[in-house]
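By convention in this document, chain letters (A, B, ...) are assigned in the order of the sequence lines, proteins followed by strands, and residues within each chain are numbered from 1.
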Amino acid sequence: MTFSQKCYQMLKTVPCGRVTTYGDLAKALGRSGASRAVGRAMNTNPNAPTVPCHRVVMSDGCLGGFAFGINKKIKILQQEGIKIENEKVVDFAVHS
DNA sequence: GCCATGGCTAGTA
DNA sequence: GCCATGGCTAGTA
């Protein structure tokens, strides 16, 4: 199992209405500091809606990126009940 | 050698 | 705003 595959697997455990961060995902996989690598894995995510890439944001609440455009990411997150103010997640809690 | 990051410093107001 | 980090891809030999 490659690192990216483990990312996808871990990410699937993040429920609707919750978000996690690149860094925390990396740490959860025992690769603390590989946050950037996680971002890369998200970018090249093969199966779009199955793995909830849109639920991954930056450690300060900023949105990070999205393969289908940042606006799309905002839209989806809002549909899931996440509040976003000026391109930042407001009440952001991390899934353990 | 690229980034969908993150933590830390310098240095402004 | 700088730079260390880490997994990955393109593309050379």
Inset, instruction - Pick base, sugar-phosphate or nothing for A/A67, based on heavy-atom distances below 4.0 Å to the nucleic acid. - result: base
Legend entry - Which nucleotides of DNA chain C pair, in dot-bracket form (Watson-Crick or G-U under 3.5 Å, | meaning another strand): ||||.|||.....
When you compare the protein's N or O atoms with those of nucleotides 3-7 of chain C, which come within less than 3.5 Å of each other, and at what distance?
unit_1: C/dG7; atom_1: OP1; unit_2: A/R31; atom_2: NE; d: 3.0
unit_1: C/dG7; atom_1: N2; unit_2: A/R40; atom_2: NE; d: 3.2

Legend entry - Single-linkage hydrophobic cluster, 4.5 Å side-chain cutoff, A/V19 and A/I76 together: no
Inset, instruction - Would you mind classifying the nucleic acid contact of A/M42 as base, sugar-phosphate or nothing, using non-hydrogen atoms under 4.0 angstrom? - result: base
Atom pairs and distances, side-chain donor-acceptor, residues 61-75 of chain A, under 3.5 Å, sequence neighbours left out:
unit_1: A/K73; atom_1: NZ; unit_2: A/V56; atom_2: O; d: 2.8
unit_1: A/K73; atom_1: NZ; unit_2: A/L63; atom_2: O; d: 2.7
unit_1: A/K73; atom_1: NZ; unit_2: A/G65; atom_2: O; d: 2.9

Under 3.5 Å between N/O atoms: give me all the protein pairs with nucleotides 8-13 of chain B, atom names plus distance.
none

Inset, instruction - Would you name the heavy atoms of A/S4 and A/A41 that are closest together and state the gap between them? - result: CB-CB, 3.9 Å
Inset, instruction - Name every residue in residues 74-82 of chain A that has at least one heavy atom under 4.0 Å from any atom of DNA chain C, in order of residue number, or write none if there are no such residues. - result: none
Legend entry - Gap between atom CG of A/L25 and atom CE of A/M10 - 0.5 Å precision: 7.5 Å
Inset, instruction - Kindly give the heavy-atom pair with the smallest separation between A/V38 and A/C7, and that separation in Å. - result: CG2-SG, 4.1 Å
Inset, instruction - Please tell me if the side chains of A/M42 and A/L11 come closer than 4.5 Å, counting only heavy atoms from C-beta onward. - result: yes
Inset, instruction - Decide yes or no for A/Y22 and A/M58: does some side-chain heavy atom of the first lie under 4.5 Å from some side-chain heavy atom of the second? - result: yes
Inset, instruction - For A/L77 and A/H54, work out which heavy atoms get closest and say how close. - result: CD2-O, 3.3 Å
Inset, instruction - Can you see which heavy atom on A/T50 is nearest to which on A/K12, and at what distance? - result: O-CG, 4.2 Å
Inset, instruction - Taking atom CD of A/Q79 as the centre, report whether more than 12 heavy atoms of other residues, nucleotides or ligands fall under 6.0 Å from it. - result: yes
Legend entry - Any donor-acceptor N/O pair, A/T44 side chain to A/R40 backbone, under 3.5 Å: yes
Legend entry - Minimal non-hydrogen separation, A/Y8 against A/N45, with atom names: OH-CA, 3.5 Å
Inset, instruction - Could you tell me which residues satisfy salt bridge (charged side-chain N to carboxylate O under 4.0 Å, His left out) with A/R55, sequence neighbours excluded, listed by chain and number? - result: A/E80
